[in-house]
Amino acid sequence: MHAQPMATGNYVSSGHYQSFSTVLTDMIREKANSTGTLALDAALGTGGFTFWRMVEISGDTGTGKTTLALHAVAACQQQGGVAAFFDPEFALDLSYARKLGVDVSSLLFSQPKTAEQTFDTAETLIKSGTVRVLVIDSIAALLPKSHLFAPTTGTDTSALEHSRILADGFCKLRIALRETKCTVIFTNQLRMKQVTATEFEATSIGGRPVANFMATRVRLLHGNDIRCRGRVTGHHCEMSVTKHKDGKSGGRGSTPIIYQSGMALSYETLVTGIRTGLVQRNSSGFYALGHRLGATGIQAKLLLDKKPTLRIMINTKLLNASFVLQRGSENQENQRNN
């Protein structure tokens, strides 16, 4: 594994902002690591992905799976934690990760060749107690060692071997994660499974081991396109919590994704803050928690982009407020009625 020296959370922000450690403790209440997006933190009902759990983020190509995982990594680092990213797909664009706020110099980064190597390295990292968020991108790319020199892709034997390797690896990680503050996030693709002679449904790759071992499962859908001057510049990422052992299943959230820029995190903070009254707007500009954000909405957004600590503090207040929890309960009740 290739790793860079890392900072382990001694950073304290300047000015009037409180320390990252204080923000972290208040925000997650010693329960969870933030997903990076306020909409999903609220939809989960736990303020993020809970400790010592495995999480699956699935969806079609281009829905934002890796983007969401990178935002979770950036949120972990901004709160003083250490994050790791395993890239068995050999596809991560580090320049894109930087744009999303990831500190690449302190990121533990590896490109393992086999599934066994991936799980062994992940187990070692988790047991060390230094990592708060570990991303494995993706389950579909976890190739059993036996397939390296004797490819059997597409056969029943291949699928069974892949499923067995996943089950063994998940067992190892579940034991290693016990009583830690680490969350392991897997991204996963979808495939079409034949249900009847004429009907197909989308299902995650990995079979029963994925369904059984993942404590939290989030499905991403491609929502409406975002257009600027006639060009498609992004889309709305629709997030559905299909399983969540520690919170509420069935929660939903939506956030804009701007291509080559990532999720519009400051935008969703401002919109939610204005709607709930936490962000005040008057003739002189926008204010929140005693800080002036800017004279216009664009200036306020740019300030929050530059000051992620302040954005985290605002999100903390929003997540702890009753109206955010009520919103999640209303969404769940609406789904039951429908």
Minimum heavy-atom separation for [X] to [Y], with atom names?
{"X": "Arg292", "Y": "Ser284", "value": "NH2-O, 2.7 Å"}
{"X": "Lys243", "Y": "Ala211", "value": "NZ-O, 2.9 Å"}
{"X": "Gly36", "Y": "Arg311", "value": "O-NH1, 4.4 Å"}
{"X": "Ala115", "Y": "Ile165", "value": "CB-CG2, 3.5 Å"}
{"X": "Phe51", "Y": "Thr180", "value": "CB-O, 3.6 Å"}
{"X": "Trp52", "Y": "Leu177", "value": "CB-O, 2.7 Å"}

Q | Working for side chain to side chain contact (heavy atoms under 4.5 Å, CB included), residues Thr183 and Thr216 | A | CA-CA 11 Å; Thr183 301; Thr216 302; over 6 Å; no
Say whether [X] and [Y], considering side chains only, have a donor N or O and an acceptor N or O under 3.5 Å apart.
{"X": "Tyr267", "Y": "Thr255", "result": "no"}
{"X": "Ser58", "Y": "Arg219", "result": "yes"}
{"X": "Thr63", "Y": "His222", "result": "no"}
{"X": "Asp246", "Y": "Thr46", "result": "no"}

Compare all side-chain heavy atoms of [X] with those of [Y] and state whether any distance is below 4.5 angstrom.
{"X": "Leu265", "Y": "Asn315", "value": "no"}
{"X": "Phe286", "Y": "Leu303", "value": "no"}
{"X": "Pro144", "Y": "His162", "value": "yes"}
{"X": "Leu302", "Y": "Ile298", "value": "yes"}
{"X": "Leu318", "Y": "Thr276", "value": "yes"}
{"X": "Gln78", "Y": "Thr309", "value": "no"}
{"X": "Leu289", "Y": "Leu278", "value": "yes"}
{"X": "Leu70", "Y": "Tyr96", "value": "yes"}

Please say yes or no: joined through hydrophobic side-chain contacts below 4.5 Å, possibly via intermediate residues, are [X] and [Y] part of one cluster?
{"X": "Ile175", "Y": "Phe170", "answer": "no"}
{"X": "Val271", "Y": "Ile312", "answer": "no"}
{"X": "Val73", "Y": "Leu94", "answer": "yes"}
{"X": "Leu100", "Y": "Phe109", "answer": "yes"}

Sidechain-backbone polar pair: [X] side chain, [Y] backbone, donor-acceptor under 3.5 Å:
{"X": "Glu268", "Y": "Thr37", "answer": "no"}
{"X": "Lys317", "Y": "Gly273", "answer": "no"}
{"X": "Asn188", "Y": "Ile205", "answer": "yes"}
{"X": "Thr242", "Y": "Arg217", "answer": "yes"}
{"X": "Ser163", "Y": "Leu160", "answer": "no"}
{"X": "His71", "Y": "Met263", "answer": "yes"}
{"X": "Glu116", "Y": "Lys145", "answer": "yes"}
{"X": "Arg252", "Y": "Glu238", "answer": "no"}
{"X": "Lys65", "Y": "Leu220", "answer": "no"}
{"X": "Asn33", "Y": "Lys181", "answer": "yes"}

If I take atom [atom1] from residue [X] and atom [atom2] from residue [Y], how far apart are they, to the nearest 0.5 angstrom?
{"X": "Ile257", "Y": "Thr233", "atom1": "CD1", "atom2": "OG1", "answer": "12.0 Å"}
{"X": "Thr203", "Y": "Gln189", "atom1": "OG1", "atom2": "CD", "answer": "13.0 Å"}
{"X": "Asp41", "Y": "Thr35", "atom1": "CG", "atom2": "OG1", "answer": "3.5 Å"}
{"X": "Met214", "Y": "Arg174", "atom1": "CE", "atom2": "CZ", "answer": "10.5 Å"}
{"X": "Leu143", "Y": "Lys113", "atom1": "CG", "atom2": "NZ", "answer": "11.5 Å"}
{"X": "Arg191", "Y": "Ser204", "atom1": "CZ", "atom2": "OG", "answer": "9.0 Å"}

Q: Could you go through the side chain to side chain contact (heavy atoms under 4.5 Å, CB included) check for Leu92 and Asp137 one step at a time?
A: CA-CA 9 Å; Leu92 180 64; Asp137 185 16; 5.7 Å; no
(Q) What verdict does the side chain to side chain contact (heavy atoms under 4.5 Å, CB included) test give for Leu108 and Phe86, after you've listed the backbone C-alpha separation in whole Å, the side-chain angles of each residue and the deciding distance to 0.1 Å? (A) CA-CA 8 Å; Leu108 297 179; Phe86 288 5; 6.0 Å; no
Q. In a check of side-chain contact (heavy atoms from CB on, under 4.5 Å) between Glu56 and each of Val218, Val210, Val184, which one passes?
A. Val210
Q.
Under the criterion ring-ring contact (aromatic ring centres under 6.0 Å, His included), I'd like the reasoning laid out for Phe213 against Phe186: C-alpha separation, chi angles, the key distance, then a yes or no.
A. CA-CA 12 Å; Phe213 282 94; Phe186 292 89; over 10 Å; no
Q: Check step by step if side chain to side chain contact (heavy atoms under 4.5 Å, CB included) holds for Arg231 and Cys228.
A: CA-CA 5 Å; Arg231 294 188 305 109; Cys228 179; 5.6 Å; no
Q | SB check Asp168 Lys172 (cutoff 4.0 Å) | A |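 No, Asp168 and Lys172 are not salt-bridged.
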